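Source: prediction; values computed, not measured. The figures here come from the full heavy-atom set of this structure, side chains too, leaving out hydrogens, waters and symmetry mates.
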Amino acid sequence: MYCAGGKDNVSACNGDSGGGMFFNISDTWYLRGIVSFSPTRPNVKESLCDSSKPTVFTDVTKYRKWISRYTNTTKWLKNLKPCKDSAIEKDTECNAATRFDNGFLLQEIVIEKNVTLRRFSLKGDQAFNGREVLTVNSLFGIDKDCVEGRFYWTDYKNESIFSAKYDGTDVKAFISKNLDAGCCAVDWISRRLYWVNYYEETIEVASLDNPDLRTTVLIDADRDSRIAVDPIQGKLYTTVDDRGIAWYNLDGSEPEMLLQSTGINGITVSITTGELCYVNEDTSKIECIDTRSMRIRTIVSNTADAYFLAATDDILYWTHYKSDTIEGINQQGVKDLTVLSQ
């Protein structure tokens, strides 16, 4: 904080908290401080400001990194140094995703009675496009843990949740106790995995580091719910029957309807923009909603067979369930020329 005073009898007063101290430099306005409080007049019954004393301001410069994290997440992520150690200490700021192989999409392809996961490069490496990394009995939901370089998937035939490294090796059972799991989502910051319990119609969560630490966060959930987690904003999103999208704190508290709409299918969080993106089958559109301003923007129209979504720093991808292809579009609305297929 810092103190600032002006001309006689000019200061912040009752109701001014949260107001700004601005400076115009070369026709650009800069915010220097935010009104926090001001001294009160002595020997008065009512709490009145004392304009003869300086006002106390919150020093905005001390919060530039925090502000950048939420107003320009793309720049914030790119400026973060890569994490070097396997153990990341609390309050450490580093980019965990860059420690592992990255720049690829995983596509689920059903072949006879098995499901094959194939890897497609986003860096133009055609030699690895379509390479099979893993074959599993069944798969309903899948998500990644960029801190440990693993992906998790629900296997409804084996009633389990498994994980593997990005290259498909080191397959491990995460939970294998009569689990009827549907969609899943990873909170890679708080180290938790969320999933929809199909038969119990609940959403459950377990620690990634100790799956025995497990609890239910939502009851009476739609068994076909799509779910997504925003670890930075601390929000859990779920589709609700055919009524739209609800959002909650990560512990399931403070439920609210984020969007009232029918036909919502796949959902995903764009970490760089802070938006929740979704497929609307009724309108044949892919849209994104800014969860701060509630502004909705249309990303793509006329996508009658769009299904699952995935977001990178720059591009939003979606699958076509009729043709087993993947298509993408960047933040400027230009479609990615690389269309992936089996």
Would you tabulate the side-chain donor-acceptor contacts of residues 19-29 under 3.5 Å, counting partners in other chains and residues two or more places apart, or write 'none'?
unit_1: N24; atom_1: OD1; unit_2: D27; atom_2: N; d: 3.0

**Prompt:** Is there a donor in the side chain of T61 and an acceptor in the side chain of D59, or the other way round, less than 3.5 Å apart?
**Reply:** yes
**Prompt:** What residue pairs, at least two apart or across chains, pass salt bridge (Lys or Arg N to Asp or Glu O under 4.0 Å) with a residue in residues 218-227?
**Reply:** E201-R223
**Prompt:** Can you list every pair that meets ring pair (Phe, Tyr, Trp, His ring centres under 6.0 Å) and has a residue in residues 255-291, with sequence neighbours left out?
**Reply:** none
**Item:** Pair listing, ring pair (Phe, Tyr, Trp, His ring centres under 6.0 Å) test, anchored in residues 132-161, at least two apart
**Value:** F151-W153, Y152-F174, W153-F162
**Asked** Which heavy-atom pair separates T55 from S11 by the least distance, and what is that distance?
**Response** OG1-CB, 3.7 Å
**Item:** Closest non-hydrogen atom pair, N249 against L236
**Value:** O-CB, 4.2 Å
**Message:** If I compare all heavy atoms of L218 with all of G252, which pair ends up nearest, and what's the gap?
**Reply:** CD2-O, 3.8 Å
**Request:** Taking disulfide (SG to SG under 2.5 Å) as the test, write out the residues that go with C277, two or more places apart.
**Result:** C288
**Prompt:** Can you name the nearest heavy-atom pair linking S38 to A12, along with the distance?
**Reply:** OG-O, 3.5 Å
**Request:** Determine, for Y166 and R119, whether the Lys NZ or Arg CZ falls below 6.0 Å from the six-membered ring centre while staying within 45 degrees of the axis.
**Result:** no
**Asked** Will you find, in the side chains of D155 and S138, an N or O donor that is under 3.5 Å from an N or O acceptor?
**Response** yes
**Message:** Any donor-acceptor pair under 3.5 Å linking the side-chain atoms of D167 with those of T169?
**Reply:** yes
**Message:** Tell me the closest heavy-atom pair linking S253 and D251, and the distance in Å.
**Reply:** OG-OD1, 2.6 Å
**Message:** Applying salt bridge (Lys or Arg N to Asp or Glu O under 4.0 Å) as the test, list every pair that has at least one member in residues 259-277; sequence neighbours left out.
**Reply:** E275-R297
